[in-house]
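One structure is given below, encoded as structure tokens.
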Number of protein chains: 2
Amino acid sequence: MKLSTKGRYGVKAMLDLALHNSEGQVSLKSIAERQEISENYLEQLFASLRKANLVKSIRGSQGGYMLAAEPANITIGSILRALEGSLAPVDCVMETDPAKCKRSDCCVTKFVWQKIRDSINEVVDSITLEDLINEYKKTNNKDELMFYI
Amino acid sequence: MKLSTKGRYGVKAMLDLALHNSEGQVSLKSIAERQEISENYLEQLFASLRKANLVKSIRGSQGGYMLAAEPANITIGSILRALEGSLAPVDCVMETDPAKCKRSDCCVTKFVWQKIRDSINEVVDSITLEDLINEYKKTNNKDELMFYI
DNA sequence: CCAATTCCAAGTGCATTACTCGGTATTACC
DNA sequence: GGTAATACCGAGTAATGCACTTGGAATTGG
């Protein structure tokens, strides 16, 4: 029941992007350095994030990425699902194209998996990047430079 | 963010055991046949369940397993944690011995992981085996023999 | 033109999962 | 007392997925 690095790195990277959103596009290299994540690996994550319309890219020299929407309109759930796929704990309760199980008693345990799925989605969809920015400012209330250390 | 077969099989097997609880001890072989799970693999799961005091065993011929408590007093959470370990989505928010992260911004994303962890625990600890038995009877309200098909 | 960047597809090493296998210990039943 | 059925135990293994790496091609500011 663990999130993979995709989800974890993705949220960190998106928060990094959100905190530097005012500076225009941000290169993967700078995010990778600040967050200590492999730049090549980040590429893959941002490919998914771009396909999910969560970030916009600017190609070429001095290029980079920007949030595709206001931090208040980007939920953690949308980031996680873009990178991890469905957050359903079992394939038979995935939102789209659920795996069929032949056993009748599956339907009983399904009851549990659905409740887990729903509670996870409810939590992650109720938190936005803006919430994390606020939380960040509250926690590290000195100045923005804290972020680089 | 998927449960492993340990958790899934474990809940199925415990529900099977609960439904046959009145018949005295139940052999792994019969559970394995009904639930179509490898008997050898089930052995490993029941070793964990026994250590967690969720089942009692009777050795020897005609031996088997019984629930160690009333179905109403066995939560799905206790089963899942016995088999999967902590249900925390990230190691840094495990209930016991959380992994330390050096980065200060980790504390912000931690905020998210904690909320996910808490909501999962809340759901699985609120459902007992008795709830599943009732759900089972409601779903398959013909007779118990349905279970074997 | 060149360096910096995004973009893309494929390959790889490692760890974990989901088992299997072989054997021992215990006990009901004949 | 023998035997079959069961729980118990530890090690081994094949397959899978994860977490990257590699080697490029395309794009663009300076």
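Naming: A, B, ... by sequence-line order, numbering from 1 per chain.
Within 3.5 Å, no donor on the side chain of B:Q25 pairs with an acceptor on the base of D:dT6, nor the reverse. Counting atom types as modelled, B:R59 pairs no side-chain N or O with a base atom of C:dT26 as donor and acceptor under 3.5 Å. Not a single donor-acceptor pair, N or O on each side, falls under 3.5 Å between the base of D:dT6 and the side chain of B:E39. Looking at A:Q44, its side chain has no donor and acceptor atom pair within 3.5 Å of the base of C:dC8.
Distances from the side chain of A:Y41 to the nucleotides D:dC20, D:dC9, D:dT6 place D:dC20 closest. Distances were taken from every side-chain heavy atom of B:S27 (C-beta onward) to each of D:dA7, C:dA4, C:dT6; the shortest belongs to D:dA7. Among the nucleotides D:dA19, C:dT5, C:dC19, the one closest to any side-chain atom of A:K29 is C:dT5.
Across A:L54, A:L19, A:L83, a single residue satisfies side chain to side chain contact (heavy atoms under 4.5 Å, CB included) together with A:M14, and that is A:L54.
Protein atom CD of B:E36 is 13 Å distant from nucleotide atom P of C:dC19, rounded to whole Å. Rounded to whole angstrom, the span from the CG atom of B:D91 across to the P atom of C:dT16 amounts to 11 Å. Atom CZ in B:R8 sits roughly 13 Å away from atom C1' in C:dC19 (whole-Å rounding). One atom, NZ of B:K6, and another, P of C:dA18, lie 8 Å apart when rounded to the nearest Å. In this structure, CG of B:L42 is placed 16 Å from P of D:dC9, rounded to the nearest angstrom. Separating the CG atom of A:L83 from the P atom of D:dC20 is a distance of 14 Å, rounded to the nearest angstrom. Per the geometry, CD belonging to B:E43 stands 17 Å off P belonging to C:dA18, to the nearest Å. Here the P atom of nucleotide C:dA18 and the NZ atom of B:K2 are 13 Å apart, to the nearest Å.
In terms of phosphate contacts, A:T5 brings a side-chain nitrogen or oxygen within less than 4.0 Å of OP1 or OP2 of D:dA19. Between A:Y9 and D:dC20 there is a side-chain N or O to OP1 or OP2 distance below 4.0 Å. OP1 or OP2 of D:dA19 has not a single side-chain nitrogen or oxygen of A:S38 nearer than 4.0 Å.
At the heavy-atom level, B:G63 lies under 4.0 Å from the strands shown only through sugar-phosphate atoms. Among the protein residues, B:R50 comes within range of the sugar-phosphate backbone only, with heavy atoms under 4.0 Å from sugar or phosphate atoms but none that close to a base. A:Y65 comes within 4.0 angstrom of the backbone, heavy atoms only, and of no base.
Side-chain polar atoms of B:T5 and B:Y41 form a donor-acceptor pair below 3.5 angstrom. Checked by atom type, the side-chain pair B:N121/B:E95 shows a donor-acceptor distance below 3.5 Å.
Toward the 5′ end of DNA chain C lies the nearest nucleotide of A:I58, the other residue of the pair A:I58 and B:Q62 mapping further downstream. For the pair A:F46 and A:S61, both in contact range of DNA chain C, the more 5′-proximal nearest nucleotide belongs to A:S61.
Looking at every heavy atom in both residues, B:S86 comes nearest to A:K2 through O-NZ, 3.5 Å.
Cluster annotation: B:I133 and A:F111 are assigned to the same hydrophobic cluster (Ile/Leu/Val/Met/Phe/Trp/Tyr, side-chain heavy-atom contacts under 4.5 Å, transitive).
Under a 4.0 Å N-O distance rule, the pair B:D125/B:R81 qualifies as a salt bridge.
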